[in-house]
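Working notes for the structure below.
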Amino acid sequence: MASLTPNKNALGTVFARHLLRRTSFVFSKTIIDQFSVLTPSQAIDLLLVNDTLTLPLPYDPSPTSAPDGFWTEVPSTTTLPSAFNAQTRKRSIVAGWWWFNAISSPTLKYKLCHFLSTRFTVEKSLCGASTYFYDHIRLLLFYAANGNYKELAKKVTLDNSILIYLNNTSNTKSAPNENYAREFFELFTIGKGPQIAAGNYSNYTEADIVQAARILTGFRVKSDRSVIDAITGIPKGYNVFSSHDSTSAKLFSSAFGNTSIASATDANSMDTELNAFVEMVFKQHATAKNICRKMYIYFVKSTITAEVETDIITPLATDLYNNGYNILPVLRRLLTSQHFYDLDDSNATDETIGGILKSPLQQVSEMVTYLKATIPDPTTNSYEFYINFWNNFVHNTFLTGANMTLFDPDNVAGHLAYYQAPDFDKAWISSSTLIAKYRVGESLLDGYNRISGNSSIKAKINISEVIKSGNFISNASDAFTLTSELCNDLFAQVPDSDRINYFMNSFLLQGLADNYWTSAWDSYLSDGKNSVVEPRLKLLVTKILSAPESQLF
C-alpha cells in the first residue's frame, strides 16, 4: 500500500537530489551534499526558511528615467500604473525578478509560489498594468511563505490582476459576470467532480455559480494601488456597495447544504459576505481533496491510482481540512513520506524519482544553478540581465519556444501539464518544443542563442573552469569518474555503466584512450589553456543535457 509513514533515515545522495529538485529551483552540489546527511524532516526545516528577497525590486533599465525605470512597493498617488511605458516588457521584467530570486534561494517558497500560480492562474499579458502583476506575484509569495490556501482564496478575490483578468471588476448587480465565480469553483477550489445531471457537477451546480456571482458583485480595481491590505501590506481592489447585489440572501444548492448567505448592507459588510462564501466552499471535504490532488500532481507525479487516492490523498485532505487549510504541514507530511521516496513498494514501473517530465522552468533553473552559469548581475548590470539575457533569451526565446511563457499560460486553466489528463507533464514534449528544450543547454554552454538567431545571450557556462573550480567532480582527470558523476547528478536515476561509457567514449574521448583525457586535463591544470578540454567538455555536457534521461526529475 502507498504509505505516508515518515522516512526517518538520512537522505543520501539520490534522495537529496530528488527532494531538492521537487522543492526548489536551486540545484547545486553543495546543497545536495548538505542534504544527503540529513533526514527528510531536517531537510524540510531548511527548505521552509523564509529568507528575504535577494533582489528587492524589479527594474526596467530601458528607459532609465522615472517613473518608467522602477517600481516601488509604496504606491504613488501621482502616477497611475497605466502611465508606465512598455507594459509588456515590464511584466516580463517582473517575471525575471521573480526568477532571479527563485534561483538565488534554495527554499520551498518559490516552488510553492509557482504551484499556487498554477491554481490561481492569470495570464500576465491580460491582467492589466505591470504593477498589478507585480502585486499578484507578491501575494502568491506571501502565502507561499505563510501557507494558508483558504486565506489566499479570500485575498486573491480583490487582487487587481485577478479582478481584471477574470472580469470581476465589471461584475455588477445590473450586469452580472460569472467568469470569476465559475473559475473560483472549478479551478481555484472545489473542482467540478463527476457530472451527475445537466448543470449539476456534483460538487456545485450552475445555480451555485449564479449565486456566487451575486456575492462577487461590486469588487473593483483600485487604479492607483492606494488601498492596502492590512494583513499582506499589498495593494488590492476595493468595495463599491452601489454595484453590489444586496436584493436578497444568496441561496446555494444541496451541494453546500442549502446554505443561505445574508446579503451585505454596506461596503464593509461585503467583506463579511465574501468571507461567508469562501468559508462555505472550504467547509466541503471535496475542496481539501481537490487541492491535495493538485499538490500531488505538482510535487509527486501525475498518476493518482485508487491506492494513492485512498492511502495518500484522503489522509492528506483530512489534515488540510482539520488545520484550516495550512498547506505547509501537509506538504511536510507528503515530502517526508516513504511514498515520496519510492520506499513503500518494490514496483519499478511507478517510480516517483524520475516520474515527472521537467518543465522548461525547472530545466533552465537546474542548468544555471548546477553548472554555475555566469549570468549578468541584475543590480550592477541590469540592462544585460533584464533585456539581453532574461527578456531576449530566457523569456522570449527559450520559455516561449518551450511553450511555458512564465506566468502566461494559454488560458485560465493554466499549462496543460498541470491539469490536462491523461498526459499532464508529457505535454512539455512536442514537435514544437523540442528545439528549445534540446538546445537551451547548448546555448548556455556557447553563450549564444542556438535556439534562434545565434545572438549573444550575455550569459555562459564556462564548463572547463566550472569543473576545475566547482568542487562537484571528485576526480576530473579520470574520464569515467567525470562522466559518471555528471550523469548521476544531471539525471534523475543513476545510469548503468553502459550508458556512462556511451557518453564518455562518444563525446569526451571520441575514440581515444582514457589516458588521453587524463593528460589533456592535467595539461589544462598546469598551463590554464583549455583549447583541448573545453570543446570536449562542451560536447559531453551538451549531449547529457539533451539526453532523454535529463528531461526527467
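Only a predicted model underlies this, so the values are computations on that prediction, with no experimental measurement involved.
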Worked check of side chain to side chain donor-acceptor pair (under 3.5 Å) between Arg214 and Thr247: CA-CA 10 Å; Arg214 291 180 61 209; Thr247 55; 3.3 Å; yes
How far apart are the C-alpha atoms of Thr287 and Asn290, what are their side-chain angles, what is the distance that settles it, and do they pass the side chain to side chain donor-acceptor pair (under 3.5 Å) test? CA-CA 5 Å; Thr287 300; Asn290 190 47; over 6 Å; no
Can you check side chain to side chain donor-acceptor pair (under 3.5 Å) on Asn403 and Thr433, steps first, answer last? CA-CA 7 Å; Asn403 198 26; Thr433 64; over 6 Å; no
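Contact detail for Leu4 and Ile312: the closest heavy-atom pair is CG-CD1, 3.7 Å. Heavy-atom minimum distance, Tyr321 versus Lys283: OH-O, 2.9 Å. The shortest non-hydrogen separation linking Pro106 to Ser24 is CA-OG, 3.5 Å. Nearest approach of Tyr204 to Gly191, heavy atoms of both residues: CE2-O, 3.5 Å. Looking at every heavy atom in both residues, Phe340 comes nearest to Thr352 through O-CG2, 3.3 Å. Considering every non-hydrogen atom in both Lys437 and Ala402, the closest pair reads CG-CB, 4.1 Å.
For the residue pair Asn239 and Asn268, no side-chain donor N or O sits within less than 3.5 Å of a side-chain acceptor on the partner. If you check the side chains of Lys250 and Ser263, you find a donor sitting under 3.5 Å from an acceptor. At a cut-off of 3.5 Å, with distance as the only test, a side-chain donor of Asp208 or Thr205 sits close to an acceptor on the other residue. The closest side-chain donor-acceptor pair between Asn391 and Ser92 falls under 3.5 angstrom. Side chains of His244 and Thr217: a donor on one and an acceptor on the other come within 3.5 Å. Between the side chains of Ser105 and Asp51, at least one donor N or O sits under 3.5 Å from an acceptor N or O. At a cut-off of 3.5 Å, with distance as the only test, no side-chain donor of Ser170 or Asn167 sits close to an acceptor on the other residue. A donor-acceptor pair shorter than 3.5 Å cannot be found between the side chains of Asn148 and Asn326. Side chains of Gln420 and His415: no donor on one and acceptor on the other come within 3.5 Å. No hydrogens or angles considered: a donor-acceptor pair under 3.5 Å links the side chains of Arg332 and Ser41.
Taking Asn323 as the reference, nothing meets the side chain to side chain donor-acceptor pair (under 3.5 Å) condition, with sequence neighbours excluded.
With hydrogens and angles ignored, the 3.5 Å screen pairs no side-chain donor or acceptor of Tyr59 with any backbone N or O of Thr379. A donor-acceptor pair under 3.5 Å is formed between the side chain of Lys173 and the backbone N or O of Ser242. Although no hydrogens or angles enter the test, the distance criterion places a donor-acceptor pair under 3.5 Å between the side chain of Ser202 and the main chain of Pro194. Side-chain N or O atoms of Ser365 include none that pairs as donor or acceptor with a backbone N or O of Gln362 at under 3.5 Å. Looking only at distances, a side-chain donor or acceptor of Asn168 sits under 3.5 Å from a matching main-chain atom of Leu216. Using a distance-only test at 3.5 Å, with no hydrogens or angles considered, a donor-acceptor pair links the side chain of Arg22 to the main chain of Val300. Counting only distance, with no hydrogens or angles, the side chain of Asn381 and the backbone of Pro376 share no donor-acceptor pair below 3.5 Å.
A cation-pi arrangement, defined by a distance under 6.0 Å to the six-membered ring centre and an angle within 45 degrees of its axis, is present between Lys222 and Tyr238.
Considering Tyr386, Tyr110, Trp390 as possible partners of Trp99, the one that fulfils the ring pair (Phe, Tyr, Trp, His ring centres under 6.0 Å) test is Trp390. When the options Tyr296, Phe115, Tyr298, Phe299 are evaluated for a ring pair (Phe, Tyr, Trp, His ring centres under 6.0 Å) with Tyr418, the one that passes is Tyr298.
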Identify each donor-acceptor pair in which a side-chain atom of residues 180-188 lies under 3.5 Å from a protein atom, sequence neighbours left out, and give them as a table.
unit_1	atom_1	unit_2	atom_2	d
Tyr180	OH	Thr157	OG1	2.8
Arg182	NH1	Glu206	OE2	2.9
Arg182	NH2	Glu206	OE1	3.0

Can you give each donor-acceptor pair under 3.5 Å made by side-chain atoms of residues 129-140, sequence neighbours left out, with the distance rounded to 0.1 Å?
unit_1	atom_1	unit_2	atom_2	d
Ser130	OG	Gln87	OE1	2.9
Tyr132	OH	Ser223	O	3.0
Tyr134	OH	Glu73	OE2	3.1
Asp135	OD1	Arg138	NH2	3.0
Asp135	OD1	Arg225	NH2	2.8
Asp135	OD2	Arg225	NE	2.8
Asp135	OD2	Arg225	NH2	3.4
His136	ND1	Asp159	OD2	3.0

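Each ring-ring contact (aromatic ring centres under 6.0 Å, His included) pair with one or both residues in residues 137-160, not counting sequence neighbours, appears once here: Phe120-Tyr149. Sorted by first then second residue, the side-chain hydrogen bond (donor to acceptor under 3.5 Å, both in side chains) pairs that include residues 227-237, not counting sequence neighbours, are Lys155-Asp229, Asp229-Thr232. Applying the salt bridge (charged side-chain N to carboxylate O under 4.0 Å, His left out) test to residues at least two apart or on different chains, the pairs with a partner in residues 142-153 are Lys150-Glu279, Glu151-Lys154.
Side-chain contact between Leu158 and Leu274 is present, with at least one heavy-atom pair separated by less than 4.5 Å. Considering only heavy atoms from C-beta on, Phe407 stays 4.5 Å or farther from Val122 through its side chain.
Interatomic distance, Ser359 OG to Asp425 CG, rounded to the nearest 0.5 Å: 10.0 Å.
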